[in-house]
Amino acid sequence: MAKLTDPLRPVVGDKAAKWLGTLGTGLRTVGDLLTYYPRRYETRGELTDLAGLRDGEHVTVQAMIASVSSRPMRNRRGSIFEAIVTDGRGQLTLTFFGKGRQDWRERQLAPGLHGLFSGQVSTFRGKRQLSHPEYELIGSGEAGSERAVEFATELIPIYPASKDIASWQIADSVRLALAAVEIDDDPLPAQLRNRHNLYGYARALQAVHRPADTRDYAAARHRLKWDEAFMLQVVLAQRRRLSTEYVSLPRPPIENGLLAAFDRELPFELTRGQQVAGATIAADLGQEHPMHRLLQGEVGSGKTVVALRGMLQVIDAAGQAALLAPTEVLAQQHHRSISQMLGPMAMAGQLGGADEATRVALLTGSQGSAARRRSLLEAASGEAGIVIGTHALLEEHVQFADLGLIVIDEQHRFGVEQREALRGKAADGRPHVLVMTATPIPRTVAMTVFGDLEVTELTELPAGRSPIATHVVPAAEKPHYMDRTWQRVREEVGLGRQAYIVCPRIGGQPDAASEEATSASRRPGRGERRQDDEAFGIADDGGFNFDDEDFADSEAETQRRPALSVIDVAAQLQQGPLADLKLAVLHGRLPADEKDKIMLAFADGQIDVFVTTTVVEVGVDVPNATAMVVMDADRFGVSQLHQLRGRVGRGGQPGLCLLVTEAQPGPARDRLDAVAATQDGFALSRLDLEQRREGDVLGAAQAGRRSSLKLLTLLKDEELIGQAREEAEELVGADPALAGQPALAAAIAEMLDADRAEYLEKA
Ligand code: ADP
Ligand code: MG
């Protein structure tokens, strides 16, 4: 008898073991093979007999290969490979055209083998044939035909195969492994299995490979998904638990401090969501263990106020807060708006400053050395209760007197290491951490990717928010719609309002190649940066860049014209349709002080139209801006467009968003129509998630995860993941070290090892 951890070779033989070692990440143990699951199952159904085939029919036939031949094509390079198959009554030709020689197919389709062949029937020179049929080989000789009979009553597992090893060969090895293996342990606790009516592990492995019927394999797969979900959630629950063992200084609210004063002066009423989130955070901050909380809410839901109130509570408790923003524009804007909201409360030591006042310092990579020195000093001395900055905050020489709270805005651009770097700056224990994101993250992703954070949601928008009407402008089919687009912009400006025009590219650089690399139409690889980050030095690869694009189609890509650029579009508009308006450009390549100046002028209403990159994507808040035109809108991701349009309709006036595209009707246009049809960010982020491979989402956030999720899908298995999370919480709460669950502990250790190995291999 073999164990799951035993090597495959003695069980399946040398040759098969060698082949199996080339599959996937390399199948080496009995367990590796038995967790190499079938991709699907062929239901055999009614097989057509060869004598009765009719042209045009789609058929699946069962037959034996009688003979094969191969010849070069006459007029072109390449070869034609033909196999004649028979079921004893009739004959059928299988034809395969290849660009080169098809030796491998000749090795695969050897005479004597039985198989299932499916395709569309046609007639060529009086002979019935299937051209490029799909096939599933069963085996040869006596055994093959026996197996064929067996298969008549069975579901046939179809494995992801390679050109060296066919699905039926994998099935043969699996059969040997199933016969040899002895499984006594079950990683899932018995009580959990009973509660959720799950197959035992041995039965599940048997049934996933050799199901009796469809119900059998569904139950098997369900059970095996549980293994994946549960083990992951146990690891996350352990991590959450570990983090509650860290100690931090409690910062409970006080009665007559800055926070109370701020609340008295607040010009609006907090939404219910803001109140609830505020109370949760206030309670967290009073604990002696660090808070790790994700505050999630649609654009404009008012996350900043919630965070600011937490910061004030920490300041009231003699601590400091750091606010980390992903871009300079955002850091500056936060600095401006927070200073403004605090008014005299942020003017300690200044004329007109309140008694209990603090200071708000700004620290960015590109500020002048005098301003920088002052900020560094204020942070280190504790004079500044709030220090706002970009990644510059992470640098080693930045020190705090008593850092109590770290707020991270728009989390998806920061990686785990960056979070860690900041945490290290607290003198006493660990600071509390609040992560804010406007990108709606489906619950299961939040539970999985951000599984070590508690999640709080702001579901409602403050009163007085206006809807944003979104329309797709098909510029190629209806050029006159463009005139109408510019006219709408002029109308808005005529009413005293402002507009954004967003382009996917900066432009105006001699090095066209490197610009294409930063265009929003393709996903940046590791180490590359998006255009808006180039000035800020934040690489994407550590972060969870949820709204990033991943739709690049390499075929279409080469034929597409370069994306429209800020510089070109601004010049054309200024000379043409928008000649009499005040235009300004804003993008990541401008020097920081200039960016700040332009932002201020726009916020102040001195500029009518902002031509810009996605630099306005996150958090920019100018209530008087009511219109947005997105050029080449098809080059942006769905969630990204949703974020972008969140910049308009922030005041009392309705917002307008026009998505200009030259894309023909098809998938690209459908995506834009979806954005136009709904303002539900969650629905759109699900759409985004569906359109990218799951591994990208997980892989970007947590290296290695993909190897441990084989059957589980984050979107479809939402309910199961939720249940697994509850079960994991309970188990880890009662038995943190899994002392009573040796099989589970071993399986988790193995999973983490495999993940680590894969991660190291990649790095
Ligand atoms: P986001 O969640 O996108 O970061 P902000 O925090 O920037 O949103 O808030 C958007 C705007 O709404 C700001 O101008 C803010 O002052 C305002 N705001 C926040 N909360 C409320 C509220 N309860 N009532 C009215 N306006 C609010
Ligand atoms: Mg914000």
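Start at 1 and go down the list; that is how both ligands and their atoms are numbered.
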Exercise. For ligand 1, which atoms have a heavy atom of Thr271 less than 4.0 angstrom away?
Worked result: 23 (N)
For this session: Report yes if some N/O of Gly297 lies less than 3.5 Å from some N/O of ligand 1; otherwise report no.
Result: no
Exercise. Taking NZ, NE, NH1 and NH2 as the nitrogens, is one of them in Arg488 or Glu491 under 4.0 Å from a carboxylate oxygen of the other?
Worked result: yes
Problem set entry | Region of Leu270 that comes within reach of ligand 1 [heavy atoms, distance under 4.0 Å] | backbone
For this session: Just let me know how Met436 lines up against ligand 1, side chain, backbone, both or neither, with a heavy-atom cut-off below 4.0 Å.
Result: neither
For this session: Would you check if the side chain of Ser375 reaches a backbone N or O of Leu362 as a donor-acceptor pair within less than 3.5 Å?
Result: yes
For residues 598-609, which side-chain donor-acceptor pairs fall under 3.5 Å, sequence neighbours excluded?
{"from": "Asp604", "atom 1": "OD2", "to": "Gln606", "atom 2": "NE2", "distance (Å)": "2.6"}
{"from": "Asp608", "atom 1": "OD2", "to": "Lys582", "atom 2": "N", "distance (Å)": "2.8"}

Exercise. Counting each atom of ligand 1 from 1 as listed, which ones have a heavy atom of Thr304 under 4.0 Å away?
Worked result: 4 (O), 5 (P), 6 (O), 7 (O)
Seminar exercise, completed: Counting from 1 in the order shown, the ligand 1 atoms closer than 4.0 Å to a non-hydrogen atom of Ser301 are 2 (O), 8 (O)
For this session: Determine, for Arg372 against Glu395, whether the closest basic-nitrogen to carboxylate-oxygen distance falls under 4.0 angstrom.
Result: yes
For this session: With sequence neighbours excluded, give me every side chain to side chain donor-acceptor pair (under 3.5 Å) pair touching residues 336-354.
Result: Arg336-Asp596
Exercise. With a cut-off of 4.0 Å, which atoms of ligand 1 are near a heavy atom of Glu269?
Worked result: 22 (C), 23 (N), 24 (N)
For this session: Evaluate the criterion side chain to side chain donor-acceptor pair (under 3.5 Å) for residue pair Arg669 and Thr661; output intermediate values, then yes/no.
Result: CA-CA 8 Å; Arg669 279 277 285 280; Thr661 178; over 6 Å; no
